[in-house]
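Each chain gets a letter, A, B and so on, in the order the sequences are listed, and its residues count up from 1. All values below come from the heavy atoms of this structure, side chains included, with hydrogens, waters and symmetry mates left out.
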Number of protein chains: 2
Amino acid sequence: MGVTKVPYTPGEAAGRIGVSIDTIRYYEKIGLMDGVQRDSVGRRVFSDHDLSRLGLLRCLRDSGMPIARLRRFAELLQGGDDTAGQRTALLEEHDREIDEKVAQLRLEQQRVREKIAWYRSVAEH
Amino acid sequence: MGVTKVPYTPGEAAGRIGVSIDTIRYYEKIGLMDGVQRDSVGRRVFSDHDLSRLGLLRCLRDSGMPIARLRRFAELLQGGDDTAGQRTALLEEHDREIDEKVAQLRLEQQRVREKIAWYRSVAEH
DNA sequence: CTGTCGGCTGGAGCGCGCTCCAGGTCAATA
DNA sequence: TATTGACCTGGAGCGCGCTCCAGCCGACAG
């Protein structure tokens, strides 16, 4: 059975999620990561829960959600169980936005491929 | 048979491609749109060729190509027929990058959907 | 003849999302 | 004991891709 290491240092957290410590601090500053514990000398101590929260935020960010929206989502997370519906709604909308972005990229890709094909047809005289 | 209107004012060009005039001027400034003609009092006159060039640049930009790379492409366009191979190669690489971006977005979307499913499963007790 | 409009230039400014820095505290190591 | 290293804070700075601005010009409408 795997041992679950509960607390993580900022460096470990950053390494596991794949962000810089500066980014973590920035996220805390702007209210995306409220409630992270501190040790006796003021250093952050990340729980597994904090890590998965950070990971989800990063995933949303990486898939194009702007910080303002991320803040809204983080607020809902703080807001307890009765915000679950709103959290779901927000994620569903993001899901649709990803679909749209992919569709748009595919259209643009289509055009790029047409241009490639055209260059090829010109090349072969 | 459709009449092809050859010259376009900056405003028309902007409207057709869906960018602002400022963006057009910016693109010219940084070397993406060399060779656009001017009328007797210095106003830009866009040909159909200019328009399609601008449209392609925008398409590349919208699909995530950074300005530096766009500059490289624009250079190749200026470089005449013997750069066709390099242009094709550049577009092919961009095509692959779009594939990668889409794949990445789909992974992130997967995770978002798992989270939605999780919220749902919690909601129904 | 006088607006108003669309365009021109060079250069400043902006919004986003970090990223870096100075100056400090503590713990463990040589 | 001295040094190193990880972390802390507040705040400045940055890279990207535009976007806006002041001040100007020339054409055309009323």
Engineer: Could you pull out the protein-nucleic contacts involving nucleotides 21-25 of chain C (nitrogen or oxygen on both sides, under 3.5 Å)?
Structural biologist:
none

Engineer: Which whole-number value in Å describes the distance from Glu12(B) CD to dG7(C) P?
Structural biologist: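 Rounded to whole Å, this separation is 8 Å.
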Engineer: Indicate if Leu107(B) and Leu54(A) have the same hydrophobic cluster label, given that clusters are the connected sets of ILVMFWY residues with side-chain heavy-atom separations under 4.5 angstrom.
Structural biologist: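 Leu107(B) does not cluster with Leu54(A).
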Engineer: Between Glu93(B) and Arg72(B), is the closest basic N to carboxylate O distance under 4.0 Å?
Structural biologist: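 Here Arg72(B) does not pair with Glu93(B) in a salt bridge, since their nearest N and O are not under 4.0 Å apart.
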Engineer: Flag yes if Val36(B) and Val45(B) sit in one hydrophobic cluster, no otherwise; membership is Ile, Leu, Val, Met, Phe, Trp, Tyr, and two members link when side-chain heavy atoms are under 4.5 Å apart.
Structural biologist: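 No; Val45(B) is not reachable from Val36(B) via cluster members.
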Engineer: For Tyr8(A), does the six-membered ring have the charged nitrogen or CZ of Arg16(A) within the cation-pi criterion, i.e. under 6.0 angstrom from the centroid and within 45° of the normal?
Structural biologist: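 Arg16(A) over Tyr8(A) ring: no.
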Engineer: Between Asp99(A) (side chain) and Arg96(A) (backbone), is there a donor-acceptor pair under 3.5 Å?
Structural biologist: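 Not a single qualifying donor-acceptor pair exists.
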Engineer: Distance check: side-chain N/O of Thr9(A) vs OP1/OP2 of dC7(D), anything under 4.0 Å?
Structural biologist: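 Affirmative; the distance criterion is met.
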Engineer: Between Phe73(B) and Arg87(B), is there a cation-pi geometry (under 6.0 Å to ring centre, at most 45° from the normal)?
Structural biologist: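 That pair does not qualify as a cation-pi contact.
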Engineer: Any side-chain donor paired with an acceptor under 3.5 Å for Arg113(B) and Gln110(B)?
Structural biologist: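 Not at all, the side chains of Arg113(B) and Gln110(B) share no donor-acceptor pair under 3.5 Å.
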Engineer: Distance alone, cut at 3.5 Å: any donor-acceptor contact between the side chains of Gln104(B) and Glu108(B)?
Structural biologist: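 Per modelled atom types, Gln104(B) and Glu108(B) side chains form a pair under 3.5 Å.
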Engineer: Considering just the side-chain nitrogens and oxygens of Thr23(A), establish if one lies under 4.0 Å of OP1 or OP2 belonging to dT19(C).
Structural biologist: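 So the side-chain polar atoms of Thr23(A) do come within 4.0 Å of the phosphate oxygens OP1 or OP2 of dT19(C), strictly under.
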Engineer: Would you say dC8(D) has OP1 or OP2 under 4.0 Å from some side-chain N or O of Arg44(A)?
Structural biologist: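 For dC8(D), OP1 or OP2 has a side-chain N or O of Arg44(A) closer than 4.0 Å.
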Engineer: Side-chain heavy atoms nearer than 4.5 Å, only ILVMFWY residues, links allowed to pass through others: does that put Met33(B) and Ile21(B) together?
Structural biologist: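 In one cluster: no.
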Engineer: How many whole angstroms separate atom CZ of Arg43(A) from atom P of dG5(D)?
Structural biologist: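 Rounded to the whole Å, the gap is 16 Å.
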Engineer: Report the C-alpha distance between Arg44(A) and Arg25(A) in whole Å, list the side-chain angles of each, state the deciding distance to 0.1 Å, and finish with yes or no for side chain to side chain contact (heavy atoms under 4.5 Å, CB included).
Structural biologist: CA-CA 10 Å; Arg44(A) 291 169 184 82; Arg25(A) 289 199 275 250; 3.7 Å; yes
Engineer: Could you identify which residues of residues 26-40 of chain B place a heavy atom less than 4.0 Å from some atom of DNA chain C, listed by residue number, or say none?
Structural biologist: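 Lys29(B), Arg38(B) - these, ordered by number, are the residues of the stretch whose heavy atoms sit under 4.0 Å from the strand.
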Engineer: Expected output is a numbered-order residue list: members of residues 57-76 of chain B with a heavy atom under 4.0 Å from any atom of DNA chain C. What is it?
Structural biologist: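 When residues 57-76 of chain B is checked for heavy atoms under 4.0 Å from DNA chain C, there are no hits whatsoever.
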Engineer: Taking atom OG of Ser47(A) and atom CG of Asp50(A), what is their separation to the nearest 0.5 Å?
Structural biologist: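 Reported to 0.5 Å precision, the distance equals 3.5 Å.
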